[in-house]
Amino acid sequence: MATASIAKRGMFARPIAPTGLWSWITTIDHKRIGALYGVTAFILFLIGGVEALLMRLQLSQAEAGVVTPEAFNQLFTMHGTTMIFLVIMPMGAAFFNFMIPLMIGARDVAFPRLNAFSYWTFLFGAILLNASFFTGSAPDVGWFAYAPLNGPGFSDTGVDYWILGLQVLGVASLAAAFNFIVTIINLRAPGMSMMKLPVFVWMTLVVSFLIILAFPVITVAITLLLFDRQFGTEFFNSAAGASPLVWQHLFWAFGHPEVYILILPAMGIVSEVLPVFSKKPLFGYTTVVLAGIIIGFMGWGVWAHHMFVTGLGPVANSAFAISTMFIAVPTGIKIFNWLGTLWGGSIRFTTSMLFSIGFILLFTIGGISGVMHSVVPSDAQQSDTYFIVAHLHYVLFGGALMGIFSGIYYWWPKMTGRMLNETLGKLHFWLWFLGMNITFFPMHFLGLDGMPRRVYTYSEGMGWDFWNAFATVGVFVLGLGLLVFLQNVWHSRKNGEAAGNDPWDARTLEWSIPSPPPHYNFAQIPHVYERDDFWHKKYAEGADGRPVRTVQGAAPSSEEHGHGHNIHMPTPSYYPILLSAGLTLIAGGLVSHISVSVIGGILALFALYSWVFEPPTAPETQTAGPAGHARDKRRGGGKR
Amino acid sequence: MAMTPHTVIPDEHYTSTGLSHRKLLMWIFLGSECLFFGSLIATHMVNRGKAALLHGESPACLLDIPITSTSTFVLLMSSVMMVLAVSSAERGKLGSMRFWLFMTALLGSGFLLFQVYEFNLFVDEGLTIGTNLFGSTFFTLTGFHGTHVTIGVIWLLSILAISFIRPDMVKNPLNVDIAGLYWHFVDIVWIVIFTVVYLVGRLGVECAGA
Ligand code: HEM
Ligand SMILES: [Cu+2]
């Protein structure tokens, strides 16, 4: 916002100050929203980590008394729910927000205010969920909250918080997914056809489709559950003839696609990082994209592999066993493509690269133990033992989280304009790689030894003592790694080396603009001619087939400075946060007092209508000269 | 449709597909809604046969096909009105657009009245959301559909009101067009519900009075 005049419109002055707390609360800049998502998710990661630490301390020796059995149930439920819905998903969203418009050559997402709305809804939903701790009864039924344990008579108000928190979070995820689908389909720079999109953008698209198709299912499931608990319906009440298995079907029809929602963004990140640090294009771009799409489709056909031990019968079990084994195929293809990218490349072992390689190793271990679950007899043995806990952490921690950290190290310079320290970064990587294996590898042994998951303690003489103590040591190694990361961030904030536009000699569009990017991203919307267009601007193919740097590419882009003033961006707004607050109050009122819901409803309606009447750009800030319009016109403006 | 500089919406200047953002958003939203109603309908189908008897009969006996056929017809007619409203908007005829929007909302409200009547009737007969599995799934499924219709009616009336307060805002026919997509979708969902819950649900059910 170049002009600082305050635009009077409707009831409030339009918030257009460029700095300060209010500017963050009312921001609709996708980069700021990305940063908000990232920081919030990181704080929630610390909370989820403390929950994990407490559990591991309790399990470090037989019959330990660190927490009560009730508290242990609450811990694993909140830990699992937090890590999945409040950490991995929003960390993915942080990158979607920050990077997608930059990678497709756009000024912003398609719906900037909707984007702000999805962030605030996520934040408030997270608060609502965690507020259950202060009522003394956090949810204690596990992250998949099986019926009938989740029903009235078996569980306390904690489950209501769980339901309403997830409901609000679902709205946030859906809003974000709608936004990114439209953004990716509609806002690509001229010339950027779908098959020229960076793989990360593709994976974001697939994830967004998975979200819009999976979240309505859990919305229905938890709505029915809420009705059972509050209005006396009987959806999951076996005494009334209902089958509690319907809960499991609905839950896993959502839950299995959900695990791909968690892993695909990480796969996208790895597919960006490996080519850059191998100095080679991604091996088999088309296959990687297709495999991602196929995984997205197949994710729908395998949900019942979570239900082998519920007695679906041999026909259903076999069908789901086979479909589950098949889903390993596209996943395997991706792994080979990544290895093919590394093959013969001139590899730079930066921290980001190490995390990506770590991802491949750990995710493969998790994938293999996953295929082991698809075999019905062995699943019957492993189900609900620590073997599952090992598997899911190899996939989620070793896979999703390591991938996300690869992305953090990779894009940090772009986001902040400063480099992270590589030595500290590598230390962080090795501590996490070791710590992760120390913590979770022994859980395979424990599981095969029959240690059930979700037990708060065990007695001596089961032979489980050693590996449990060993696993707990790993958590401290992980904690140390986290401290190293925090130190690195702290250091980089002030003393980090300036990053420049393109510190990694990267391939995609986001590296063609300054770091951190200006508010309007691109002074001039780029025209894209090839896949990895930015790379081809810098390099030509030499006689030996190796890339040779070209002269004009080496020169910094000429249009970085002094261009911003003709571009008018949407103006910040109060209404997204007000609408989120209204919705959350409606939900919160259902577990506290109905008057809260009424206030929330009024607030939401007010915000909604004000939103509709608010022009995206305050007229007074439209300093737009003819240039801004003319440029847009030339790109085929006026079309609908 | 030319727009005054102040209502220029920057996000609709240029799109890769030529399709407006908002229309695309609506299509995707409706795709998502399919899964929402799909899950509800599936839950109804799973539980229908398991419901406890009501006055010694299957609760499906309460369903009154002739009445519901009438309300279905009313809802379908509202879609026709909606088509006319969109076409008036596209031809820039503000007056007839207002008329057809009003008619759509009116018929939509008519459908809702039928539903209120039916719900009251059922409650009088002793079937509530908590009576048995049929009541649970029936009221939830049709109730959520009714909520969608209600939102649609409020939406249409809002456009109607805005067309008087700020005519410049409805100059863009897209606004009506998008509301129309939503409206047709809600209609189509009702046809599925009518078929599955009412027609198939009554099929082969022996009721004493029938
Ligand atoms: C800091 C490292 C972590 C440790 C020490 C840890 C430890 C644990 C423990 C002890 C359990 C309980 C197992 C049981 O009793 O069934 C658990 C469950 C779980 N964890 Fe973690 N975890 C960590 C990180 C993560 C991450 C990063 C994720 C996901 C992204 C995650 C997702 C889950 C899930 C989904 C469950 C299942 C919860 C349930 O049973 O309802 N964890 N974890
Ligand atoms: Cu699964």
Side-chain angles (χ1 to χ4, degrees), chain A residues 107-108 110-112 114 174 177-179 181-183 185-190 192 209 211-217 219-221 223-224 227-228 231-235 237 240-243 246 249-250 253 525 568-570 609 612-613 615-617 619 622 629 632-633 635-640, chain B residues 1-3 5-29 31-40 42-43 46-47 49-52 128-137 139-140 144 154 158 162 165-166 169 172-175 177:
Chain A
R107 293 242 156 85
D108 206 334
F111 301 99
L114 187 65
L174 283 168
F178 292 138
N179 210 343
I181 294 178
V182 177
T183 304
I185 293 186
N186 251 357
L187 275 180
R188 285 164 288 133
M192 187 174 248
F209 270 107
I211 288 178
I212 65 155
L213 298 178
F215 268 75
V217 182
T219 304
V220 166
T223 306
L224 302 184
F227 282 13
D228 268 12
F231 307 134
T233 56
E234 300 180 321
F235 290 108
N237 179 4
S243 162
V246 171
H249 279 295
L250 285 176
I525 298 293
H568 47 118
M569 301 296 293
Y609 276 100
V612 171
F613 278 105
T617 308
Q622 288 190 358
H629 277 294
D632 285 337
K633 281 272 150 53
R635 296 191 292 120
K639 254 192 265 172
R640 248 202 322 275
Chain B
M1 185 75 17
M3 286 184 283
H6 275 203
T7 51
V8 160
I9 301 160
D11 64 30
E12 292 185 0
H13 268 169
Y14 162 82
T15 70
S16 314
T17 54
L19 212 67
S20 96
H21 292 335
R22 283 188 295 149
K23 195 153 175 178
L24 193 56
L25 178 76
M26 186 41 89
W27 276 112
I28 298 163
F29 171 73
S32 168
E33 288 276 282
C34 287
L35 270 288
F36 179 83
F37 280 108
S39 309
L40 282 174
T43 321
V46 169
N47 285 317
K50 298 186 189 154
T128 67
I129 197 170
T131 309
N132 58 27
L133 275 171
F134 183 86
S136 296
T137 59
F139 282 108
T140 310
F144 269 114
I154 297 175
S158 303
I162 293 172
I165 310 169
R166 292 267 308 274
M169 278 185 79
N172 187 349
L174 199 60
N175 291 313
D177 197 5

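Atom set for the values below is all heavy atoms of this structure, side chains included, hydrogens, waters and symmetry mates excluded.
- For the pair B/L40 and A/L224, the minimum side-chain heavy-atom distance is below 4.5 Å.
- Ranked by heavy-atom pairs under 4.5 Å with chain B, the first of A/F231, A/F215, A/F227 is A/F227.
- The part of B/T131 that comes within reach of chain A is its backbone (N, CA, C, O), which places non-hydrogen atoms under 4.5 angstrom from that chain.
- No hydrogens or angles considered: a donor-acceptor pair under 3.5 Å links the side chains of A/N186 and B/T17.
- Here the closest heavy-atom approach between residue B/L133 and residue A/G241 is recorded as CD1-C, 3.7 Å.
- For a residue to count as touching a neighbouring chain, one of its non-hydrogen atoms must lie under 4.5 Å from one of that chain's; by this rule A/V217 touches chain B with backbone and side chain alike.
- Of the atoms belonging to B/T43, it is side-chain heavy atoms, and not backbone ones, that fall under 4.5 Å from chain A.
- Most heavy-atom pairs under 4.5 Å with chain A, from the set B/A52, B/G135, B/S39: that is B/S39.
- In this structure the side chain of B/S16 never reaches within 4.5 angstrom of the side chain of A/L187, judged on heavy atoms.
- At a 4.5 Å heavy-atom cutoff, the contact between A/T223 and chain B is made by side-chain atoms alone.
- Note that CG of B/L24 is 8.0 Å distant from CD1 of A/I181, once rounded to the nearest 0.5 Å.
- Contact annotation for A/F235: both backbone and side-chain heavy atoms come within less than 4.5 Å of a heavy atom of chain B.
- Contacts between A/L250 and chain B at a heavy-atom distance below 4.5 Å involve the side chain alone, from C-beta outward.
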Given the rule in the side-chain contact (heavy atoms from CB on, under 4.5 Å) test, do B/S158 and A/Y609 qualify, once you have shown the distances and angles that lead to the verdict? CA-CA 9 Å; B/S158 303; A/Y609 276 100; 2.7 Å; yes
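- Contacts with chain A were tallied for B/W27, B/F29, B/F139; B/F29 has the most, counting heavy-atom pairs under 4.5 Å.
- Listed by chain and number, the residues in a salt bridge (charged side-chain N to carboxylate O under 4.0 Å, His left out) with A/D108 amount to none (sequence neighbours excluded).
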Test side-chain contact (heavy atoms from CB on, under 4.5 Å) on B/F144 and A/V220 and set out the steps. CA-CA 10 Å; B/F144 269 114; A/V220 166; over 6 Å; no
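- Heavy-atom distances place no part of B/F37 under 4.5 Å from chain A, backbone and side chain included.
- We find the CG-CD1 distance between B/L25 and A/I185 to be 11.0 Å, quoted to the nearest 0.5 Å.
- The most heavy-atom pairs under 4.5 Å with chain B, out of A/A242, A/S243, A/A253, come from A/A242.
- In this structure, A/T233 contributes its side chain and B/S136 its backbone to no donor-acceptor pair below 3.5 Å.
- Between B/S32 and A/L174, some side-chain heavy-atom pair lies under the 4.5 Å cut-off.
- Aromatic ring pairs are classed by plane angle as parallel below 30°, tilted from 30° to 60° and perpendicular above 60°; the pair B/H21 and A/F111 is perpendicular.
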